[in-house]
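The structure under discussion appears below in the form of structure tokens.
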Protein chains: 2
Amino acid sequence: MSSSLLVVGSVALDSVETPQESRDDVLGGSASFFSAVATLLGPVRLVAVVGEDFPEQHVTFLRERGVDLSGLQRAAGKTFRWRGRYLQDMVGRETLETRLNVFEQFEPRLTQDFRGSDFVFLANIHPALQLGVLDQVEQPTLVACDTMNLWIETQRPTLEQVLRRVDILLINDEEAVLLTKERNLLRAAAKVRELGPSKVIIKRGDAGALLFDDVGTFWAPAFPIDPIIDPTGAGDSFAGGLVSFLAHGKDLSPAGLRQAMIYGAAVASFCVEDFSLDRFRTLSRDELAARCRAFGDLTRFDEIKL
Amino acid sequence: MSSSLLVVGSVALDSVETPQESRDDVLGGSASFFSAVATLLGPVRLVAVVGEDFPEQHVTFLRERGVDLSGLQRAAGKTFRWRGRYLQDMVGRETLETRLNVFEQFEPRLTQDFRGSDFVFLANIHPALQLGVLDQVEQPTLVACDTMNLWIETQRPTLEQVLRRVDILLINDEEAVLLTKERNLLRAAAKVRELGPSKVIIKRGDAGALLFDDVGTFWAPAFPIDPIIDPTGAGDSFAGGLVSFLAHGKDLSPAGLRQAMIYGAAVASFCVEDFSLDRFRTLSRDELAARCRAFGDLTRFDEIKL
């Protein structure tokens, strides 16, 4: 039997500008990307909040993919909105506007069913809310967590409480430096692991993601894509791929974790091929399997004898 | 019998500042790094120029390693000097001073012996000089070449003449974008290959290096090192490792090239562990073999079945 998987995070309406094209009010948010990706391998439970203006078509899309939306709260007011602009290199970006709207009053409430979830992903929300979720789940097999510079700078004590209860922390390189005051990633990762998570994944955008665990370091490159249409959600897609692979493959060994890293990088590489979640609307199991194999071609080399 | 390997480039005295430490007038220059690394696998011929002030100890060091210095010219005046400062992240750097000195009048002259070299590396020098070297060598098996933004911006026609006669171009990501006006690396690499080189290697600093050839794309990550003492010469060490591996292994197949990429990344990872060429003074064959194996651990994953 497959394990149960829970994500708590944001469902948002994104407006994205790239040097080539723009889109307004498309489906976004960490929990949307995570859950849409997770359904590629099995069911997923979502806890988030949307406003009265949230288009029914997005609800239908997620439900039809197999996302359990019984934890999707609807609140009076508007849905969380984010507007951003990507630079020419399609890596750097500036946030033009963030309107929390209904997200400001969000309080994750888990049904009895959801409390029994085996795998839990705490997307990037206020650490106090992450803590609230951890207090509700009963005996998770694995807890993974994301965070951001704002919480590292303003909510460190609460964030540290969260980290003590987390198995895998996913952060980007700048956040790792900010959290640990160490610029060297090996040293930063070691310091993060002292804070609680036995496994740390440092996301480096188009350079890929590095896993640090008891076995050592593993590097999942970012698959080279041309053209990159919209990088939004790549990190949450990576997390969705990684955690769902662990939940549904249930191989939590170092070897399984390394496969999960590549699987996460594979789905993230599809994410950037279109705006919003659109690439996942058409992505087939065969395309995904082929991309995972292509990661082998990208990194494999014969033994070097000196 | 091993193939003959020639490098034409700079021998310099570097002054390096890092947030932790500084060194003045240490041995530097592309040809120094390249040749010191190449001798780990076999002999190498060096063509460069130094001034009257060049310390004899550096000559002795290179000679004792097995570098054929019969092409090292000594000119009236001072040796080429470079002074740079690394930023906190130990990746970004600013050049504080460049004094070409005797390098300004450098004209590579190859002895009859050197003209018969099988493998040629044209380090980053004026494209007219690179062309002069190509006119002197008779029937090289493989020509690899480096360049920089200055030549791309000011000597494009000459550089394009060079590229038509080059098998492997090694450049960094910014140079690739500058050369091709393409920000996407896949597209940039494809455009470079249209200019002549059948193989393009794009160096991305601490993200590693990507190879683009007929077979596809291969990513050699940068091995995570703690602490990084001095990144100067990492790119030239990479080139020295790569080309000497090809010259002395002589497996020019796609599989051999991928091993050469990893071998280059391995020596580059040692380069940054100390100032100047100092790490190569003590580096053992066993350490090098172990680092190559460690690249396997860093990148290897079991087949993913979906």
Proximal component of Phe295(A), with respect to chain B [non-hydrogen, under 4.5 Å]: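 For Phe295(A), backbone and side chain are both near chain B.
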
Engaged part of Asp206(A) at the chain B interface, taking heavy atoms whose separation is under 4.5 Å: both

Which bit of [X] comes within less than 4.5 Å of chain A, counting heavy atoms only: side chain, backbone, both or neither?
X         : result
Asp297(B) : backbone
Leu288(B) : both
Leu186(B) : side chain

So which of [options] has the largest heavy-atom pair count under 4.5 angstrom toward chain A?
options                         : value
Arg300(B), Arg204(B), Met90(B)  : Arg204(B)
Val215(B), Ile225(B), Leu211(B) : Ile225(B)
Ala289(B), Ala220(B), Pro221(B) : Pro221(B)
Gly208(B), Ala260(B), Ala222(B) : Ala222(B)

When Glu303(A), Gln259(A), Met261(A), Arg258(A) are compared by non-hydrogen pairs under 4.5 Å with chain B, the top option: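 Heavy-atom pairs under 4.5 Å are most numerous for Gln259(A).
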
Winner by heavy-atom pair count (cut-off under 4.5 Å) against chain B, out of Leu306(A), Leu298(A), Leu185(A): Leu298(A)

Phe270(A) vs Phe280(A), ring pair (Phe, Tyr, Trp, His ring centres under 6.0 Å): CA-CA, chis, key distance, verdict: CA-CA 8 Å; Phe270(A) 282 111; Phe280(A) 297 120; 7.6 Å; no

Residues Thr232(A) and Tyr86(A): side-chain donor-acceptor under 3.5 angstrom: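 Note: Thr232(A) and Tyr86(A) side chains meet the donor-acceptor criterion.
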
Side-chain donor-acceptor pair present, Ser253(B), Asp251(B), cut-off under 3.5 Å: yes

Over 12 non-hydrogen atoms of neighbours within 6.0 angstrom of CD in Glu174(A):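 No - once you tally the heavy atoms of other residues, nucleotides and ligands closer than 6.0 Å, there are 12 at most.
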
Lys181(B) NZ: over 12 foreign heavy atoms closer than 6.0 Å: yes

Salt-bridge criterion met for Asp89(B) and Arg183(A) (N-O under 4.0 Å):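 Not counted as a salt bridge, because no side-chain N and carboxylate O are separated by less than 4.0 Å.
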
Result of checking Phe238(B), Tyr263(B), Phe119(B) against Phe245(B) for ring pair (Phe, Tyr, Trp, His ring centres under 6.0 Å):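 Answer after filtering Phe238(B), Tyr263(B), Phe119(B): Tyr263(B).
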
Results of salt bridge (charged side-chain N to carboxylate O under 4.0 Å, His left out) for Glu287(B) - residues two or more places apart only: Arg279(B)

